[in-house]
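Single-structure report; data block below.
The shown structure was predicted, so the numbers you read here are calculated from the model rather than taken from an experiment. When a ligand or atom number is given, it counts from 1 through the structure's own listing order.
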Amino acid sequence: MTIAASLIALEDIKLDRKSERPVYIQLVEQMRSLISEHRIGQGLKLPSSRELAEELNLSRKTVVSAHDQLIAEGYLEARRGAGTFVQDVSFLGMQPVRDIAPKSFYDYVEPSSFGEALPLSPSTPDKTQFPRTSWVRAAKKAQLSIPLSAMFAPPNGGYKPLREVLTNHLWSMRGIKCDPEQIIITSGMRESFSLVCERLFQKGRKVSVEAPGYQAFTETLKQNGLVPLHTKIDSDGLVFANVLNRSDPPQAVCVSASRQYPMGMPLSLQRRAELIRWASKSNGWIIEDDYDCEFRFAGPPLQSIFAMDTGHRTIYFGSLSKTLFPRLRLSFLVTPAHVASGLVEEQNRRGSLASLPSQASLSEFILSGQYATHIRTMRRLYADRYTKVFNYVNRELSEWLEVHPCSGGFHFAAQFRPKIADAADDAELVIMAHRRNVGVTALSTLGAPGGVDIKGFLIGFAGTDKKEARIAVSELRKLLSEHVKVS
Ligand SMILES: Cc1ncc(COP(=O)(O)O)c(C=O)c1O
């Protein structure tokens, strides 16, 4: 622990100058407690009596007297020419706040306490290939160039240069033509969706969400006073025809059109066209979640609904959580021009958690060309991992599971074969799998209250290397052989 750290602990000293108890005695008592409770630990050098006197607004004489008292009692030791140090008082038997005084943040927080994802966890990007040096270079350049005025302003839809580079990126990657003013940078899907719910939807109305689907949609709707309408999917994606014809139709439809989350199929062209027609006719909204579109293995990503929708009723959600890293906490939405300023106003009203310096770093990183390079590298890596894990699972687990091939992304669905589905509880099996170091998710738990009738596992491949994947798949095989009988 450094002097600075000890000063922080000493800040807890509260002296009551009106008390009948002399200030010098109060100081001795409180320093004694800090030492015996190990809040300032053994071996620590105390600030000088002059510094401490200044800090506590006392005369130097009072501090010297308190130090002398504690030296006499054995709590402190004065070393000639070196300063005053805290003595070992562990024999007093008080529990230390922590055993070892940290030298730095990283001594204090063990890397493992950040929580590593288990092998085969879905939605987990690979960590090993992250281009840290180019990211840091871009971040440094960005930090030196952000105008200070931007650092103190309201969010205003996000860092302008980032919104500008994203327009080019979206045009080349997704065929989306938009102005920077149509892009709003947020801290994640939940912030993006909350803005939309608050500004564009009427409280109490229904909004269709996929089942199985992304639970954050359901949760955000409820938090914003809206009612999720869980809507089934089939091999063409979301089955919304019946839902839209209800007497109380939803005000919006949320859809992961490029690759349905979690099952992986794209929304068919015919359904995209139907959805766009409905939205335009009934002033409905389409919320297009395109969170992992960058990682399509065969050919360019499918055309987005946003790009197809000439009626301007689609709001597009993108994320950097998958292409870079989840804790960056940067996502964005692309909105039709006619509602952009209202959404920016809403963001200014409630504030945003998207850090401006991170936005500037990202903008510089994209401009440097490293972002596109990183995506290309990861696409190749994920395609290779997908083939390997898909083959292992097919070879080892096909007695129990029917694997749904996928065209990209981070995970694929493996559904229980019909007879198995009647007998097996995927949620219970997943708890057991986690205990065996396998991070799969239960399909039945994704989406609707009480579960959906699709059972099986969502299996991640992107963040798991070949060796880990082979071990995890064989663990799953053991688990299924022990707990699920194939008749
Ligand atoms: C289905 C789905 N949509 C969107 C997102 C993006 O969310 P965010 O940008 O808040 O990380 C994720 C992230 O895991 C996701 O799994």
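In summary, the atoms of ligand 1 found under 4.0 Å from a heavy atom of Y261, numbered by their order in the structure, are 1 (C). Taking a cut-off of under 4.0 Å to the non-hydrogen atoms of S321, the atoms of ligand 1 that pass are 8 (P), 9 (O), 11 (O). Atoms of ligand 1 lying under 4.0 Å from any heavy atom of K322, numbered from 1 in the order shown and given with element: 13 (C), 14 (O). The atoms of ligand 1 that sit less than 4.0 Å from any heavy atom of R329 are 8 (P), 10 (O), 11 (O). The atoms of ligand 1 that sit less than 4.0 Å from any heavy atom of S319 are 6 (C), 8 (P), 9 (O), 11 (O).
Annotation: K485, atom NZ; neighbour count of heavy atoms from other residues, nucleotides and ligands within 6.0 Å is above 12.
Scanning the protein for heavy atoms near atom 16 (O) of ligand 1, the closest one is Y214 CE1, 3.5 Å. Atom 9 (O) of ligand 1 has its closest protein heavy atom at S331 OG, 2.5 Å.
For the residue pair Y371/T323, the side-chain donor-acceptor check at 3.5 Å is satisfied. Side chain to side chain, E210 and S256 meet the donor-acceptor criterion of an N or O pair below 3.5 Å. E191 and S352 are linked by a side-chain donor-acceptor pair at a separation below 3.5 angstrom, with hydrogens and angles left out of the test.
Exactly one of V334, V196, D290, T186 qualifies for a side chain to side chain contact (heavy atoms under 4.5 Å, CB included) with F317. That residue is V196.
Between M189 and ligand 1, an N or O atom pair is found at a separation short of 3.5 Å. Taking only nitrogen or oxygen atoms, main chain and side chain alike, D289 reaches within less than 3.5 Å of ligand 1.
P212 places a side-chain heavy atom less than 4.5 Å from the side chain of I233.
The cationic atom of K322 (NZ for Lys, CZ for Arg) lies less than 6.0 Å from the six-membered ring centre of F410 and within 45° of the ring axis.
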